[in-house]
J.: 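Supplied in structure tokens, the structure appears directly below.
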Amino acid sequence: MTFISREVPRVLSIAGTDPTGGAGLQADLKSIAAAGGYGMAVVTALVAQNTCGVRSVHTPPLSFLQEQLDAVTDDVVIDAVKIGMLGDTAITQLIGEWLQQVKPPVVVLDPVMVATSGDRLLTAEAEEAMRGLVATVGDVADLAVVTPNVPELAVLVGQDRAESLGEALVQGERVLATTQAAVLVKGGHLESETMTDTLLQRDADAATFTHPHVATSNTHGTGCSLSSGLATRIAQSGDVVRATQLTTDWLYGAIFHSDLLEVGKGHGPVFHGWETDPSCQ
């Protein structure tokens, strides 16, 4: 499929759920709408979680996952796909096969492995399948980005967690060597007064995006929100660097204004709709 930019892209999120609305599919749909897209959702897992942690995960049969995917692709043209929580090897492999069949023009893969609360969201056995999916997205899509956080980078390269931006970038380059996709190294887990995200691409210089550190515990669903917003903005313009700048700027604002929500007792959600709220202007 050849990439064609679209003002209101049709964006499919493939991910797990969050009944409190701050992460997973619920956060994705809010992020897609905030970026100006039309959001769709296919459920990989039903997750009983809140801002304090994950309580349990129910995984529907693979046949039902396939039926959801078929229901969308039989009826709607997909301009971009965001992939989040997959959970196990069988789901990860099925999504890889589906991508090769459908070949969506834009794919953003958030290799979800560990929740903000520290709860594991990908089985240890599925780690190798995730590495294979990282390679696959770069082959099937015209424009693809992988968005691991610091702990996920370490898992993807089989090393200890990076303790500095320099170490994280070295690990990011190792991931980049395995895929044609761009790799966005996110610095949110590193201790710093400045938050630095770095976009690594094989055919271009690294692009750096910096924002002030926000003193807040409201970081629930930040990875979900960034990746789905990024998929939407890439589909609108075809410019990965510009889309990353716009998305990280938006996410900074969503974190900065998150205290207005007063949701939950743990790691609260970000404020996806801050740009249209008069109190934030």
Side-chain angles (χ1 to χ4, degrees), residues 13 15-35 37 39 41 43-58 82 84-85 87 108 110-122 147-152 161 184 186-197 209-233 246-281:
S13 168
T17 64
D18 175 9
T20 63
L25 291 175
Q26 287 86 340
D28 290 343
L29 293 174
K30 295 174 186 178
S31 301
I32 293 166
V43 180
T44 58
L46 300 168
V47 186
Q49 65 172 311
N50 56 27
T51 64
C52 298
V54 175
R55 300 187 177 190
S56 64
V57 177
H58 171 69
K82 172 269 168 83
M85 177 184 173
V108 175
D110 183 17
V112 175
M113 299 177 184
V114 182
T116 300
S117 60
D119 294 293
R120 192 175 186 91
L121 298 176
L122 183 74
T147 63
N149 60 29
V150 169
E152 291 159 353
R161 170 176 164 162
L184 180 62
K186 300 183 295 186
H189 285 77
L190 299 172
E191 293 293 333
S192 175
E193 293 184 2
T194 301
M195 309 303 293
T196 302
D197 302 305
F209 313 92
T210 60
H211 298 87
H213 174 76
V214 180
T216 180
S217 62
N218 297 329
T219 55
H220 184 55
T222 49
C224 307
S225 303
L226 184 147
S227 54
S228 50
L230 179 59
T232 307
R233 292 180 177 89
L246 290 172
T247 304
T248 54
D249 288 348
W250 166 78
L251 185 59
Y252 166 73
I255 297 171
F256 183 84
H257 295 290
S258 61
D259 287 346
L260 293 172
L261 296 179
E262 299 182 345
V263 173
K265 301 174 182 177
H267 292 281
V270 303
F271 191 178
H272 298 88
W274 71 273
E275 287 183 313
T276 57
D277 189 306
S279 64
C280 299
Q281 308 310 313

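The first residue in the sequence is number 1, and the count goes up from there.
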J.: Do S13 and S228 have side chains that approach each other closer than 4.5 Å (heavy atoms only, starting at C-beta)?
T.: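 No; the side chains remain at least 4.5 Å from each other.
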J.: Could you check whether any side-chain heavy atom of W274 comes within less than 4.5 Å of a side-chain heavy atom of W250, counting everything from C-beta outward?
T.: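 A side-chain contact under 4.5 Å exists here.
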J.: Counting C-beta onward and ignoring hydrogens, is there a side-chain heavy-atom pair between V57 and L46 closer than 4.5 Å?
T.: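 The answer is no, as the side chains (C-beta and beyond) never meet within the 4.5 Å cut-off.
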J.: Just do the side-chain contact (heavy atoms from CB on, under 4.5 Å) check on L25 and D18 with the steps written out, would you?
T.: CA-CA 7 Å; L25 291 175; D18 175 9; over 6 Å; no
J.: Determine the minimum heavy-atom distance between A23 and G221, stating which atoms define it.
T.: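 Answer, listing the atom of A23 first, then G221: CB-CA, 3.7 Å.
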J.: Under a 4.5 Å cut-off applied to non-hydrogen side-chain atoms, are M195 and F209 in contact?
T.: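 Of all side-chain heavy-atom pairs linking F209 with M195, none is under 4.5 Å.
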J.: State, yes or no, whether a side-chain contact exists between T20 and Q26 at a heavy-atom distance under 4.5 Å.
T.: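 When only atoms from C-beta onward are counted, Q26 and T20 do not touch, as no gap falls below 4.5 Å.
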J.: Any heavy-atom pair between the side chains of T147 and L230 that's under 4.5 Å?
T.: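 Touching, per the 4.5 Å side-chain cut-off.
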J.: Rounded at 0.5 Å granularity, tell me how far OG1 in T216 sits from CD1 in I255.
T.: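 Atom-to-atom, T216:OG1 and I255:CD1 are 8.0 Å apart.
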J.: Do Q281 side-chain atoms and P278 backbone N/O form a donor-acceptor pair below 3.5 Å?
T.: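 The answer is no, because no donor-acceptor pair under 3.5 Å joins these two groups.
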J.: Distance from M85 atom CE to D28 atom CG, nearest 0.5 Å?
T.: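 The CE atom of M85 sits 12.5 Å away from the CG atom of D28.
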J.: Considering non-hydrogen atoms only, spot the tightest contact between S279 and L260 and give its length.
T.: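 S279 and L260 have their closest heavy atoms at OG-CD1, 3.8 Å.
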J.: For S225 and V270, which heavy atoms make the closest approach, and how far apart are they?
T.: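 Smallest heavy-atom distance, with atoms named: OG-CG2, 4.1 Å.
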J.: Go through H211 and D249 one step at a time and tell me if the side chain to side chain donor-acceptor pair (under 3.5 Å) criterion holds.
T.: CA-CA 8 Å; H211 298 87; D249 288 348; 2.7 Å; yes
J.: Is there a side-chain contact between D259 and N218, using heavy atoms and a 4.5 Å cut-off?
T.: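 Counting from C-beta outward, D259 and N218 do come under 4.5 Å.
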J.: Taking the side chain as everything from C-beta on, heavy atoms only, tell me whether K186 gets closer than 4.5 Å to D110.
T.: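 K186 vs D110: side chains touch.
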J.: What's the shortest heavy-atom distance between A27 and C224, and which atoms?
T.: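 That would be CB-CB, 4.4 Å.
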J.: Report the C-alpha distance between K82 and I32 in whole Å, list the side-chain angles of each, state the deciding distance to 0.1 Å, and finish with yes or no for side-chain contact (heavy atoms from CB on, under 4.5 Å).
T.: CA-CA 10 Å; K82 172 269 168 83; I32 293 166; 5.9 Å; no
J.: Under the rule for side-chain hydrogen bond (donor to acceptor under 3.5 Å, both in side chains), what residues qualify as partners of S31, not counting sequence neighbours?
T.: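 Here no residue qualifies.
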J.: Roughly how far, to the nearest 0.5 Å, is CG of L184 from OG1 of T248?
T.: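 The distance works out to 8.0 Å.
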J.: Could you check whether atom OH of Y252 has more than 12 heavy atoms from other residues, nucleotides or ligands sitting under 6.0 Å from it?
T.: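 Check passes, neighbour count above 12.
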J.: Tell me, please, which residues at least two apart from H257 pass side-chain hydrogen bond (donor to acceptor under 3.5 Å, both in side chains).
T.: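 Per chain and number, H257 pairs via side-chain hydrogen bond (donor to acceptor under 3.5 Å, both in side chains) with no residue.
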J.: Nearest 0.5 Å, please: how far is NZ in K265 from OG in S217?
T.: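 It comes to 14.0 Å.
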J.: Going by side-chain hydrogen bond (donor to acceptor under 3.5 Å, both in side chains), name the residues that satisfy it together with T276, two or more places apart in sequence or in a different chain.
T.: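 So T276 forms no side-chain hydrogen bond (donor to acceptor under 3.5 Å, both in side chains) with any residue.
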J.: Give, for atom NZ of K30 and atom NE2 of H272, the distance between the pair rounded to the nearest 0.5 Å.
T.: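 Here the rounded value is 6.0 Å.
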J.: Between OG1 of T51 and CG of L261, what distance do you get to the nearest 0.5 Å?
T.: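 Result: 11.5 Å between the selected atoms.
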J.: Which atom pair, heavy atoms only, marks the closest approach of Q49 to T17?
T.: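 For Q49 versus T17, the nearest heavy atoms are NE2-O, 3.0 Å.
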J.: Which heavy-atom pair separates C280 from F271 by the least distance, and what is that distance?
T.: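 Nearest pair, atom of C280 first, then F271: SG-CE1, 3.8 Å.
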